[in-house]
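Read the structure below first, then the notes.
Values in this document were obtained by computation on a predicted structure and should not be read as measured data. Only heavy atoms go into these numbers, but all of them, side chains included; no hydrogens, no water, no symmetry mates. Numbering starts at 1 and runs along the sequence shown.
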Amino acid sequence: MSRERVEAVRAMMRSKGWDAVVLTGNDPHNSEYSAPRWLQAGWVSGFSGEGDLVVTDDHAGIWTDTRYFIQASRQLPGTGVELHKTRVPGQVLIPEWLAAHFADYDSVIVAVDGLGMNAATVLDIKKAMGDKAIIVDAPNMLDPVWEGRPPVPQTPVITLGAETVGWSRTQKLTWIRKWLQDNGSDAILITALDEIAWMLNVRGQDVEYNPVVMSYLLVTRDDAHETEDSFYELTSDGVNIQDYSDIGVALSGIVDGEYISRLFVDTSTLNYNLYNILKENIPSSNLTSGKSPVALRKAVKNNVEIAGMREAHLEDGLAMERFFFWLERMVEAGEPVNEYEAALQLHSFRSGIEGFRGESFETISAYGPNAALPHYVTPESGSAELDARGLYLCDSGGQYLFGTTDITRTIPLGPCTQLEKEDYTLVLKGHIDLAKAVFPSGTAGCQIDALAREPLWASKRNFGHGTGHGVGFYLNVHEGPQDIRQNFNRQPLVPGMITSNEPGIYREGKYGIRHENLVLCVDDGRNDFGQWCRFETLTLCHLDTSIVIKELLDASEIDWLNAYNAKVFQTLSPRLPSEIAQWLRNKTLPI
């Protein structure tokens, strides 16, 4: 099927005189997760991971990173699509690859779906290829060949009050208008879905797992224009509503050089199609680009949001402990249970929590070799049966009206090998070392990423993904601008930011191990050397110590582990049935 779809794209290219087509899995807002309508690269190639597709007359390739190499090696054979590895030494990214592939051409026509690519990415292609590149913006180019293509989603919208999120919609609009004034802009076009949801205190379900609504938001110093069909109750706060599909027409009419002369945009989320419309309607000298201020403001949680996140982790921890108790009893009794059934049972426990709105991402329920894929998709049919041996990894999270969770636990289901125990302990050691970090104010995540890796590096082991990502408040489980990874990111970790702590190790064909908690950056006082910060761990679920090699941990790491497990027991046990509370007591005894 994928081979036929690649050929259908090539036939379209020949009919239009295009030399190359670039497709992504991104929606018009450059979201990390997209609704099915915009999973274009995956529909053509058959690859279900995150990646970008290039098709030429003689080549088709998917560009993806280390998280998906194993997955790609399984899904791409026979499709006519080759794997191009990114985030590895010597990587050749799409702009450079296109420049080299067409080095002997005098001119090259590269077609892109401008709705599915951000402006910065397309401009990178243009820069790499120089004057020979002719970029053709072809929105929805796959419509003629994609029979039954899903529509633009539209789900019910809810609004959240200041008692839930801390800031009212009016306060947020006042803040952004003050920012416009301070930065010499007349308006800002916000295109990131989670930023719009945060600004307007609205939530929806237009993107699976992410409580956002397909929309654009234009805020001027005087009013706000919002493109979506279901926000009419916002008009009382001065938000003018327009149809989502009319964004291009709306911008052509609003941005006329008189009403708005200086417009700010974030090209990392502004799609190329809208970028072209703006370039045609406002002089380049009046179009300013940079990082949206909303991302940073949203990432620094206020006291109301922090309290909600603590509540979410308490409730989520109760569900996790019930789940692991159930799973251990099932395995000990020899009852048949597979990966998918385990994920369903965890969902059942979370569903009983008042305020639960669904998972924050698709649960990764992975046993043995399947856990070696960091982004394993647990199949409904043919899931691996869990046996009373080896390691089981569960990476999951919940969306609640009062917060968002993300947790990974790797647990032994029975006897483990010496190598499994050693890897398990070294990953845990790295997790603890990062959790107990104290660092100067202004420190970026990339500057402390090595704390989680050093125990693995010392044994010449490593993992290929980032150590931490930001987490939203009843919003996207992945958000920026902060992260903890090796890639250089200047953004400091600021008190109020919530970030994951999730080192791991993956042995292809054997097993995968990851320990993940969410941590809150908090102030840790000032002295003669300046201001200091540390982490407060929010996640409440025991870390299994039954296969820990104690000799690999130092005294401070043992103290942290014992104190954390003791806190989990003390906090959760009063609300657990007596049988589970006793089980948890045994699981959290000091090592």
Side-chain angles (χ1 to χ4, degrees), residues 29 157-204 210-213 215-228 230-242 254 260 262-266 269 290-312 355 357 399-404 470-476 479-482 491 494-498 520-523:
H29 309 270
V157 179
I158 65 170
T159 60
L160 304 176
E163 71 281 359
T164 300
V165 295
W167 273 25
S168 70
R169 182 162 46 245
T170 301
Q171 286 175 305
K172 292 178 179 180
L173 290 172
T174 299
W175 162 76
I176 196 67
R177 289 185 176 120
K178 176 65 164 55
W179 184 90
L180 289 172
Q181 181 178 344
D182 292 344
N183 285 271
S185 295
D186 296 313
I188 180 172
L189 177 63
I190 303 173
T191 54
L193 298 182
D194 60 335
E195 293 183 15
I196 298 170
W198 182 87
M199 278 293 306
L200 299 180
N201 289 345
V202 297
R203 302 293 189 270
N210 297 332
V212 296
V213 181
S215 53
Y216 298 94
L217 178 62
L218 179 71
V219 183
T220 72
R221 292 194 187 184
D222 301 316
D223 58 11
H225 300 261
E226 212 284 331
T227 60
E228 211 284 338
S230 306
F231 285 176
Y232 289 105
E233 65 180 276
L234 275 63
T235 56
S236 61
D237 289 329
V239 181
N240 301 313
I241 310 298
Q242 300 185 44
I254 293 173
I260 297 173
R262 294 162 296 180
L263 176 67
F264 183 93
V265 296
D266 185 338
T269 57
K291 291 184 178 180
S292 167
V294 180
L296 178 57
R297 187 65 193 88
K298 172 171 59 65
V300 180
K301 308 298 185 284
N302 59 51
N303 289 336
V304 174
E305 292 171 318
I306 290 170
M309 291 292 273
R310 288 196 176 106
E311 180 183 357
R357 305 288 290 186
Q399 293 283 12
Y400 303 92
L401 287 172
F402 40 84
T404 299
V471 178
F473 173 85
Y474 183 31
L475 262 177
N476 296 2
E479 71 169 19
Q482 86 279 17
Q491 175 59 53
V494 177
M497 286 181 170
I498 295 174
L520 170 68
C521 181
V522 298
D523 180 82

Quiz prompt | Exam field: side chain Lys298 to backbone Gly472, donor-acceptor pair closer than 3.5 Å | solution = no
Quiz item: Partners of Thr174 by side-chain contact (heavy atoms from CB on, under 4.5 Å), sequence neighbours excluded?
Solution: Thr170
Practice problem: With the side chain counted from C-beta on, respond yes when Pro293 and Ile176 share a heavy-atom pair under 4.5 Å apart, and no when they do not. | Solution: yes
Exercise. Just jot down the side-chain contact (heavy atoms from CB on, under 4.5 Å) partners of Asp266, sequence neighbours excluded, or say none.
Key: Ser268, Thr269, Ser292
Quiz item: How many angstroms lie between atom NZ of Lys172 and atom CG of Leu200, to the nearest 0.5 angstrom?
Solution: 8.5 Å
Practice problem: Using atom types as modelled and distance alone, determine if a side-chain donor or acceptor of Gln399 lies under 3.5 Å from a backbone N or O of Asn476. | Solution: no
Quiz item: Taking the inter-plane angle between the rings of Trp198 and Trp167 on a 0 to 90° scale, is it parallel (under 30°), tilted (30 to 60°) or perpendicular (over 60°)?
Solution: tilted
Quiz item: By ring pair (Phe, Tyr, Trp, His ring centres under 6.0 Å), which residues pair with Tyr400, not counting sequence neighbours?
Solution: Phe356, Phe402
Quiz item: Backbone N or O of Leu475 within a donor-acceptor pair of the Thr404 side chain at under 3.5 Å?
Solution: yes
Quiz prompt | Counterpart residues, side-chain contact (heavy atoms from CB on, under 4.5 Å), relative to Asn183 (two or more places apart) | solution = Trp179
Practice problem: Report the distance from atom CD1 of Ile190 to atom CZ of Phe264, rounding to the nearest 0.5 Å. | Solution: 10.0 Å
Quiz item: Side chain of Arg177, backbone of Thr220: donor and acceptor closer than 3.5 Å?
Solution: yes
Quiz prompt | Spacing of Glu479 atom CD and Leu296 atom CG [to the nearest 0.5 Å] | solution = 10.0 Å
Quiz prompt | Between CE on residue Met199 and CG on residue Leu217, distance to nearest 0.5 Å | solution = 6.0 Å
Quiz item: Are any of the side-chain heavy atoms of Leu180 and Ile188 separated by less than 4.5 Å?
Solution: yes
Quiz item: If we only count heavy atoms from C-beta on, is the Leu189 to Leu218 side-chain gap below 4.5 Å?
Solution: yes
Quiz item: Do Gln491 and Met497 have side-chain heavy atoms sitting under 4.5 Å apart?
Solution: yes
Self-check item: Step-by-step side chain to side chain contact (heavy atoms under 4.5 Å, CB included) determination, Arg169 to Thr159
Solution: CA-CA 10 Å; Arg169 182 162 46 245; Thr159 60; 4.2 Å; yes
Quiz item: Is a salt bridge present between Glu305 and Arg297, judged by a nitrogen-to-oxygen distance below 4.0 Å?
Solution: no
Quiz item: Is the number of heavy atoms from other residues, nucleotides or ligands within 6.0 Å of CG (Asp182) greater than 12?
Solution: yes
Quiz item: Can you tell me how far NZ of Lys301 sits from CG of Leu520, rounded to the nearest 0.5 angstrom?
Solution: 9.0 Å
Quiz prompt | Heavy-atom side-chain proximity of Val471 to Met309 below 4.5 angstrom | solution = yes
Quiz item: Any idea which heavy atoms bring Ala299 and Gln482 closest together, and the distance?
Solution: CB-OE1, 3.6 Å
Quiz item: In chain order, what residues pass the side-chain contact (heavy atoms from CB on, under 4.5 Å) check against Gln181, with sequence neighbours excluded?
Solution: Arg221
Quiz prompt | Partners passing salt bridge (Lys or Arg N to Asp or Glu O under 4.0 Å) against Glu195 (at least two apart in sequence or in another chain) | solution = none
Exercise. Report yes or no: does Arg262 contribute a side-chain atom to a donor-acceptor pair with the main-chain N or O of Asp186 at less than 3.5 Å?
Key: no
Quiz item: Has the side chain of Asn302 got a donor or acceptor atom that lies under 3.5 Å from a matching backbone atom of Val165?
Solution: yes
Quiz item: Do the side-chain N and O atoms of Arg357 and Tyr474 include a donor-acceptor pair separated by under 3.5 angstrom?
Solution: yes
Exercise. Please examine the side chains of Leu401 and Arg203, heavy atoms only from C-beta on, and report whether any two atoms are closer than 4.5 Å.
Key: no
